[in-house]
Amino acid sequence: MPVYAAAIALSAFLLFLVQPLIARQILPWFGGSAAVWTTCMVFFQSALLLGYGYSDAIARRLTPRAQATVHTAALLASLAFLPIVAAGRFRPEDASAPIGRILLLLAATVGLPYLLLSTTGPLIQAWFARAFPGAGVYRLYALSNVASLLALASYPLLIEPNASLRAQALGWSMAYLLFAGLAIASAWVTARHAAGPRPATVPAEVAEPGPDARTGNEIGAARDAGTDRAAASKPAAPTATEQAAWFVLALLGSVLLLSVTAHLTQDVAPVPFLWVLPLAIYLLSFILCFESSSWYRPPVVAPTAAVLVVMMLAGLEFRVSAGGGIEAGILPIGQAVLLYCGGLFIACMFCHGELYRRRPATLFLTRFYLMLAFGGACGGLLVGLLAPLVLPAQLEMPVALFLLAILVWRASRGIVRPLALLAVPLCAGLLSWHLLELTQRSIELSRSFYGSLRVERTTAAGDPDEAWALLHGATVHGTQFRDPARRGLPTAYYAEESGVGRVIVARRPAALRIGVIGLGVGTLAAYGRQGDLLRFYELAPDVADVAQRRFTFLSDTAATVELVLGDGRLALERQAPQHYDRLVVDAFSSDAIPVHLLTTEAMAVYLRHLAPDGVLALHVTNRYLELAPLVGASAGAMQIHAWRIDHEPPDAAKHLYSSTWVLVARSAAALEPLRLARIGAAIEPVTGLRPWTDDYSNLLQVLR
């Protein structure tokens, strides 16, 4: 028992640890976009499906000794992938085909080790059920989810803050060697205990009957106390309908996990680590449901799910604010997070509880897990790859909630059923209302690998003039007045009194060479004059397209404008020194600047492209991270000068927002006018704050 349990627990821990570890390695190569995480999730879910298919095939077709031989050979072959360090040859030269490149890179870096880790849960549980008839095999699945949860929590809290990326990769690789030994030992223990072909009569787990339990197996009706009992005869194979039910429930859980995560981190609160919470909730529901039948109570879960589905759909029509009560369509962040995380938990309890009620006898255990993996992988493909191609906005979550309402109604019995039935038309009405509101308030909706964009009409308090704003999630990327007399005014974070406005307005020399990482709607072009050069570096092609079609900053400016598509840092690394008088880093990814743009290596790239008296302006406005001290720490380590300017606009009618900019220069003279005018202040050092590098970052140190 200890060997099997240790192999399953360690495999699950490594399985979930490798996902942030390898994604963190390649984020700088693909612009630090959140879509990199989604694409990685698609790869891992697909690899999990292949692993479960492998487990199902060899468990049903090979003798225990043959299984041990094949699996041992595969595990030994996987050691050739160690250590799991992404090779530099996969570094992209441009922004084309990012999804295909990421998938190829992951397959070459961690493909076989991850595939074999994913086989461990179903395969070793099948071995355990064969070698030790009568033991509680499904509790090993709960154990694997506990280990997954520990990995998920330990990476951001313990591993990332204390170890470099290379140290993380080496540590993971050493742990994988230990796992391979445990898995090989489990295979040969099974071969020794159950030599020969699979017998015709096998132990069958007793499935707990429920109000709507239809297993299709002649197992009998008995209460599950977490143990298995021997059956007198071989149970009937699960029908196609039963397997389809497993697939649908697993798919819906996966879609809800990914879509709720996207909604929380883009539209509610782009807080670091918030992506961990939905995944932890998802795993917790698996742990509870598969530990025993006592946790999932359909008479309680079904009506709660029906109510919460309606509330979650209704919540889409509220704007989210950082404080205050529900007023004029405003939902506080805390209440929004509680609503969607609580709703996700109940939804997952329903999906995974119904899966557990429909579980087959242990003879068909690998097929059961294969269908779970198939549903999960298809859910990832729908949200991560298909939806960005066919849907103009993030509509996966409202559609999934409507489908969940239908499933809850179909599965309900007794007095709960009328309530569940009432939720279906309510959800249909709310879904229709959401689509109508979204189209009415939006001038344009677009979506790509790099996220969902929308152009909205907006007005400021006390100002009748309409403006258009470009939004990614809850973050405004720029605003422009529609009135021709005012459309040339710099708005949003770029007022003349802001940090970037002051260093451009100072205009020394008279004609400026300005580089800008992050286009937005091109607001900084409003400062361009005859003879100036403004070169924008933009990662997302759809942002460039919208900025040129829907806004006029780029076409109205007197300066010469150039546009370079691709990640700004990678583009600068390939270019010869550009001698910019001003270099602006303004690359938002929702509400956070990508980490790879704030490292000392990135700072060195920026300085290489600055003129001797040039100024680097970094936009570090953020509700959740205090990034200015980090830039100051990097500047101090590089023996250059940094100056912070906070701007709080007095007139909201001008569509101006609060901003924080850090100005960096080699020469103190470049920042001296600001110091003499007492505009801004030096950055106070923070004890123990270590500058970030491409190999090390620690978000915990900069949390507000």
### Query
Can you name the one residue among L431, V309, L403 that meets side chain to side chain contact (heavy atoms under 4.5 Å, CB included) with P398?
L431
#### Entry: Pair listing, ring pair (Phe, Tyr, Trp, His ring centres under 6.0 Å) test, anchored in residues 98-126, at least two apart
F44-Y114
### Task
Would you check if there is a donor-acceptor pair between the side chains of Q45 and S254 at a distance under 3.5 Å?
yes
#### Entry: Side chain to side chain, T120 and L15, heavy atoms closer than 4.5 Å
no
### Lys/Arg N to Asp/Glu carboxylate O, R357 vs E242, below 4.0 Å
no
## Note on the structure
Residues pairing under side-chain hydrogen bond (donor to acceptor under 3.5 Å, both in side chains) where one sits in residues 3-15, two or more places apart or in two chains, turn out to be Y4-T190
### Query
Among all residues two or more places apart in sequence or in another chain, which pass the side-chain contact (heavy atoms from CB on, under 4.5 Å) test with V42?
S46, L381, L385
Result block: side-chain N/O donor-acceptor pairs under 3.5 angstrom for residues 174-189, not counting sequence neighbours:
| unit_1 | atom_1 | unit_2 | atom_2 | d |
| --- | --- | --- | --- | --- |
| Y176 | OH | S78 | OG | 2.7 |
| S186 | OG | L182 | O | 2.9 |
| W188 | NE1 | T72 | OG1 | 3.1 |

### ring-ring contact (aromatic ring centres under 6.0 Å, His included) partners for Y155, two or more places apart
none
### Message
Using the ring-ring contact (aromatic ring centres under 6.0 Å, His included) criterion, which residues pair with F81? Sequence neighbours excluded.
### Response
none
### Task
Indicate the ring-plane relationship of F374 and F247, choosing parallel, tilted or perpendicular according to the 30° and 60° boundaries.
tilted
### Query
Any chance the rings of H352 and F290 have centres within less than 6.0 Å?
no
### Pair F368 and F364, ring centroids less than 6.0 Å apart
no
#### Entry: Sub-4.5 Å side-chain heavy-atom contact between L123 and H71
yes
#### Entry: Spacing of R447 atom CZ and L391 atom CG [to the nearest 0.5 Å]
6.0 Å
### Query
Between W246 and R358, what is the shortest heavy-atom contact and its length?
NE1-O, 3.0 Å
### Closest non-hydrogen atom pair, V85 against A169
CG2-CB, 3.9 Å
### Exercise: identify the closest heavy-atom pair between A12 and S144
CB-O, 3.1 Å
### Task
Over all heavy atoms of both residues, which pair between M397 and Y340 is shortest? Give the atoms and the distance, please.
CE-CE2, 3.7 Å
